[in-house]
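Worksheet: the structure to be examined is printed underneath.
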2 protein chains.
Amino acid sequence: MIDQLDAVFGALADPTRRAILARLADGDRTVGELTAPFEVSQPAISRHLKVLERAGLVSRNRRATARLSHLEAEPLRTATEWLARYQAFWDESHERLDALLASLTRQLER
Amino acid sequence: MIDQLDAVFGALADPTRRAILARLADGDRTVGELTAPFEVSQPAISRHLKVLERAGLVSRNRRATARLSHLEAEPLRTATEWLARYQAFWDESHERLDALLASLTRQLER
DNA sequence: ATTCTTCATAACCACTCTGTTATGGAGTGA
DNA sequence: TCACTCCATAACAGAGTGGTTATGAAGAAT
């Protein structure tokens with residue numbers, strides 16, 4: 001993990017990897033479970049998982065013969081902190097980010 | 001701009017491009033001004049600018065023979081919104097994002 | 001022990017990315 | 001008009017990316 005932001009933003013740049021993260025947000029998954037919904041081969045998913053692991057976004061452990069992938073959100077926090085530096089530049093003409101986040105939080109809690 | 005998140009996260013994955021955005025946050029810059037601080041050639045910077053432009057992060061207009069690059073922060077907002085969906089996953093063991101952003105905002109105002 | 005399941009890895013291909021140098025176009029100013 | 005400045009683009013090289021198929025390692029189950 002030379003530069004964390006490089007790795008994290010790079011990992012997020014691929015739609016399949018973002019979809020994998022979305023599924024992991026619902027709970028840990030095996031490689032097989034992650035492969036099924038996508039129309040790519042299992043080795044392709046394995047490599048996406050390796051990219052996510054390098055970015056620190058996924059950790060893995062064995063369960064019997066399967067390998068469970070687990071979402072690690074901390075790097076997303078780091079990425080958000082970086083983006084927050086630019087908050088002022090879109091704030092001017094729009095609602096504030098904290099208001100936005102509050103509304104999103106309310107949505108999630110509902 | 002097929003998929004905005006692809007383009008934005010892809011653009012942010014490069015440290016030179018993030019540094020360019022940081023300089024543009026201080027005000028519009030010509031290509032020459034953006035090239036000087038980095039140890040890469042002018043054509044390389046021109047192509048970075050093109051990537052940023054495709055992602056909607058930079059707009060450009062002429063001033064005499066120069067071309068001014070201008071920061072467009074809206075796509076960063078989009079990226080932040082996407083990341084906010086994962087806020088709950090790092091919230092559990094850390095301060096809340098809105099508190100973090102508030103503290104960052106205070107820092108900027110100071 | 002053997003077989004089955006799960007997953008990783010290797011080998012390959014096509015394409016993209018980041019950088020270079022060389023060059024030329026477009027606008028400015030003398 | 002001519003020269004100069006600023007920048008874009010073309011052509012190229014090397015590394016990386018994302019996909020494939022083929023294969024094998026390792027644990028589980030019979």
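Given the structure is predicted, the values throughout are model-derived calculations rather than measurements. Residue numbers start from 1 in every chain, and the chains themselves are labelled A, B, ... in the order their sequence lines are given, proteins ahead of strands. Computation of the quantities below employed the complete heavy-atom set of this structure, encompassing side-chain atoms and omitting hydrogens, waters and symmetry-equivalent molecules.
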* Of the candidate nucleotides D:dT20, C:dT20, C:dT6, which contains the atom at the shortest distance from the side chain of A:Pro43? -> D:dT20
* Would you call A:Asp28 and A:Arg23 a salt bridge, taking side-chain N to carboxylate O under 4.0 Å as the test? -> no
* Interatomic distance where CZ belongs to A:Phe9 and P belongs to C:dC17 [whole Å] -> 18 Å
* Structure fact -> Here the gap from A:Asn61 atom CG to A:Ser69 atom OG, rounded to the nearest 0.5 Å, amounts to 8.5 Å
* To do: Compare side-chain N and O positions of A:Ser46 against OP1 and OP2 of C:dC7 and report whether any pair is under 4.0 Å apart.
  => no
* Asked: Which listed nucleotide (D:dT9, C:dT18, D:dG19) is nearest to the side chain of B:Asp14?
  -> C:dT18
* To do: Measure from the side-chain heavy atoms of A:Ser41 and tell me the nearest of D:dT20, D:dT9, D:dC7.
  => D:dT20
* To do: Counting heavy atoms from C-beta on, name the nucleotide in C:dA11, C:dT20, C:dA8 closest to the side chain of A:Arg60.
  => C:dA8
* Structure fact -> Sorted by position of nearest nucleotide on DNA chain C, 5' first, the leading residue of B:Thr16 and A:Arg47 is A:Arg47
* Asked: B:Ala44 side chain: which of D:dT20, C:dC7, C:dT20 is closest?
  -> C:dT20
* **Pair A:Ser46, A:Gln42: side-chain N/O donor-acceptor within cut-off below 3.5 Å** => yes
* When you get a sec, tell me which of D:dA8, C:dT18, D:dC6 is the closest nucleotide to the side chain of B:Ala66? => D:dC6
* **A:Glu53 with A:Lys50: basic N within carboxylate O range, under 4.0 Å** => no
* At under 4.0 Å, does any side-chain N or O of A:His48 touch on OP1 or OP2 of D:dG19? -> yes
